[in-house]
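To start, the structure under review is shown below, and the notes come after it.
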Amino acid sequence: MGIIVKSLSKTYGSFVALHDINLDIAEGELIALLGPSGSGKTTLLRIIGGMEVSDSGSVLLDNENQANKNMRDRHIGFVFQNYALFRHMTVFENVAFGLQVRSHKLRPSKKEIRSRVIELLKLVQLEGLEKRYPSQLSGGQRQRVALARALAIKPKVLLLDEPFGALDAKVRQELRRWLRKLHHELNITTIFVTHDQEEALEVADRIVVMNRGKIEQAGTAEDIYHKPAGAFVYRFLGQVNHIQGYIRDGSVHVGPLTLKTAVPESVNGQNVDVFVRPHAVGIASECSTPDMIAARVSHMYQAGSRIKVELEAEGIQKTIEAEVTEEYQRQIGLSRNQHVYITFRKAKLFGPDGKPIDYEASYESSSLQAKEEARIPQIS
Ligand code: ADP
Ligand code: MG
């Protein structure tokens, strides 16, 4: 079922929770609503699901206005972060619940319910656990029961509100891979709410980034990552160094550092927000090109297969976060308190209006680290 959200607004007293939300979701699409806490994700989901009423605007499911329909008639399945299963009911009874409570006329036979529940438990990979109680399950298993319960009514839309939020990182990762696969099999239109950008990038066909009750950008993971509509989106999608810069004579000046590539005439004389991802900070033990500044390693730690490096750079007020491969760290013998030289191999610029300035500094060729890293075969 396709979903169309038109000029939806919602206020709580004088607080604007949603402001003029417009969104088209195609049949079978898996959409992630991504945004910080308080950005309006749950409110939007609840209005789509009919659990909350908007002040203005409309929600169309398969082109039908839902204003006068109650929740049950919308054919919507819900899973919440802490959707406690019924504790006194077995897994079987929990999954069967949505079917059992139907009026006599609409209720499937006992036998039909049984086969549907068994089929669903197989789908969520919990076969054989139907007699267990929720307390006898792991967190990940419980959320899969919740999903089976949501699927029991054969929903046309699935609304998942931070369904894996309470689980630990490893289980979460397994479940999102599993959800992706499940969605591929069932193709139910799904809205997945999360505040975790990695989760959104991994799971969804399309991501809707929300901030303060508004949609900042909607697009594929690639679009959003590489062509952010604004500084908020770029920042929210991953760790980034944010430094104030200034444009003079067609160059970008960041502290004592000059990024030499030409920028449009129109932005000359402007202050800009300069964003540099940690992996785009070049580090070298010697000053090999003029576009480098002196810095000191203030902290270093292992993060997965890479090394995170924090640097205090001359003339820049903020701690710079960088990231290098283990090989490169060993090669230049990078260690705490070491004096090094840094440069920004790539940067994204945003004007005072928060909009991107179409320009990318590229220092790949002049950076020692880029050369060295390119020389080292990456095993992954
Ligand atoms: P999110 O799910 O993105 O964290 P919510 O949609 O839950 O955000 O909330 C958006 C904002 O609306 C929050 O600031 C929250 O405090 C406010 N809000 C949500 N529900 C209510 C309510 N029933 N009454 C008053 N304020 C609310
Ligand atoms: Mg929420």
Side-chain angles (χ1 to χ4, degrees), residues 34 36 168-173 176 194-202 221 224-226 228 231-245 254-257 259 273-289 291-350 360-364 366-380:
L34 173 69
D168 64 59
K170 187 153 173 5
V171 178
R172 264 166 73 161
Q173 197 156 39
R176 59 199 198 214
T194 180
H195 63 264
D196 178 340
Q197 84 278 0
E198 213 178 284
E199 195 160 86
L201 292 170
E202 185 176 330
I224 287 190
Y225 199 82
H226 294 294
F232 175 84
V233 174
Y234 196 63
R235 252 180 143 160
F236 198 69
L237 280 191
Q239 220 180 359
V240 70
N241 294 292
H242 175 199
I243 311 149
Q244 284 303 321
V254 189
L257 202 58
L259 313 182
D273 288 303
V274 180
F275 287 90
V276 185
R277 296 268 187 227
H279 62 78
V281 176
I283 305 176
S285 46
E286 280 161 39
C287 187
S288 55
T289 63
D291 51 28
M292 300 190 109
I293 49 173
R296 182 183 66 86
V297 177
S298 54
H299 187 53
M300 242 175 69
Y301 59 96
Q302 185 95 31
S305 63
R306 315 209 89 199
I307 310 288
K308 300 251 190 196
V309 187
E310 293 178 7
L311 301 138
E312 305 303 327
E314 234 166 58
I316 294 180
Q317 302 304 316
K318 279 189 176 160
T319 299
I320 303 287
E321 293 173 2
E323 203 181 287
V324 297
T325 59
E326 282 182 314
E327 288 88 342
Y328 187 70
Q329 184 237 331
R330 271 199 297 274
Q331 195 191 333
I332 64 165
L334 205 58
S335 59
R336 195 174 298 186
N337 287 323
Q338 188 180 344
H339 290 276
V340 293
Y341 293 87
I342 65 167
T343 185
F344 299 144
R345 289 149 63 186
K346 265 186 179 174
K348 258 212 162 27
L349 308 180
F350 291 89
E360 209 164 68
S362 183
Y363 289 88
E364 314 268 11
S366 68
S367 151
L368 171 68
Q369 180 188 357
K371 277 187 210 151
E372 291 302 340
E373 285 195 352
R375 219 167 47 78
I376 300 165
Q378 299 286 318
I379 304 159
S380 61

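Sequence positions, counted from 1, serve as the residue numbers for this chain.
A pairwise comparison of heavy atoms in Arg172 and Asp196 identifies NH2-OD2, 2.6 Å as the closest pair. Leu257 and Ile342 make their closest contact through CD1-O, 4.5 Å (heavy atoms, listed as atom of the first residue, atom of the second, distance). Residues Pro36 and Phe232 approach most closely at CD-CZ, 3.7 Å, considering heavy atoms. Of all heavy-atom pairs spanning Thr319 and Asn241, the tightest one is O-OD1, 3.9 Å. Contact detail for Leu34 and His195: the closest heavy-atom pair is CD1-C, 3.8 Å. Closest approach of Val297 and Ser335 over heavy atoms only: CB-O, 3.5 Å.
At least one donor-acceptor pair under 3.5 Å links the side chain of Ser298 to the backbone N or O of Glu310. A distance-only check finds a donor-acceptor pair linking the side chain of Arg277 to the backbone of Gly238 [under 3.5 Å]. Distance alone, capped at 3.5 Å, is enough to place a donor-acceptor pair between the Gln302 side chain and the Gly304 backbone. Between the side chain of Lys318 and the backbone N or O of His242, at least one donor-acceptor pair lies under 3.5 Å.
Between the SG atom of Cys287 and the NE2 atom of His339 there is a distance of 14.5 Å, given to the nearest 0.5 Å. We find the NZ-CG distance between Lys346 and Leu259 to be 14.0 Å, quoted to the nearest 0.5 Å. Annotation: the span from Glu312 atom CD to Arg296 atom CZ amounts to 6.0 Å, rounded to 0.5 Å. Atoms CD and CD1, on Gln244 and Ile316 in that order, are 12.0 Å from each other to the nearest 0.5 Å. Atom-to-atom distance recorded for Arg306:CZ and Thr325:OG1 is 6.0 Å, nearest 0.5 angstrom.
Residues forming a side-chain contact (heavy atoms from CB on, under 4.5 Å) with Gln317 (at least two apart in sequence, or on another chain): none. Here Gln239 pairs with Pro278, Lys308, Glu321 under the side-chain contact (heavy atoms from CB on, under 4.5 Å) rule; sequence neighbours left out. When the side-chain contact (heavy atoms from CB on, under 4.5 Å) test is applied to Phe350, the partners found at least two apart in sequence or on another chain are Pro228, Ala231, Tyr234, Asp273, Phe275, Lys348, Pro356.
Considering only heavy atoms from C-beta on, Leu311 comes within 4.5 Å of Ile283 through its side chain. Side-chain contact check for Val309 versus Val340: every heavy-atom pair is 4.5 Å or farther apart. At least one side-chain heavy atom of Ile320 sits under 4.5 Å from a side-chain heavy atom of Phe344. Using a 4.5 Å cut-off on side-chain heavy atoms (C-beta onward), Arg176 and Glu198 make contact.
When the shell of 6.0 Å around CD of Glu314 is examined, it contains 12 or fewer heavy atoms from other residues, nucleotides or ligands.
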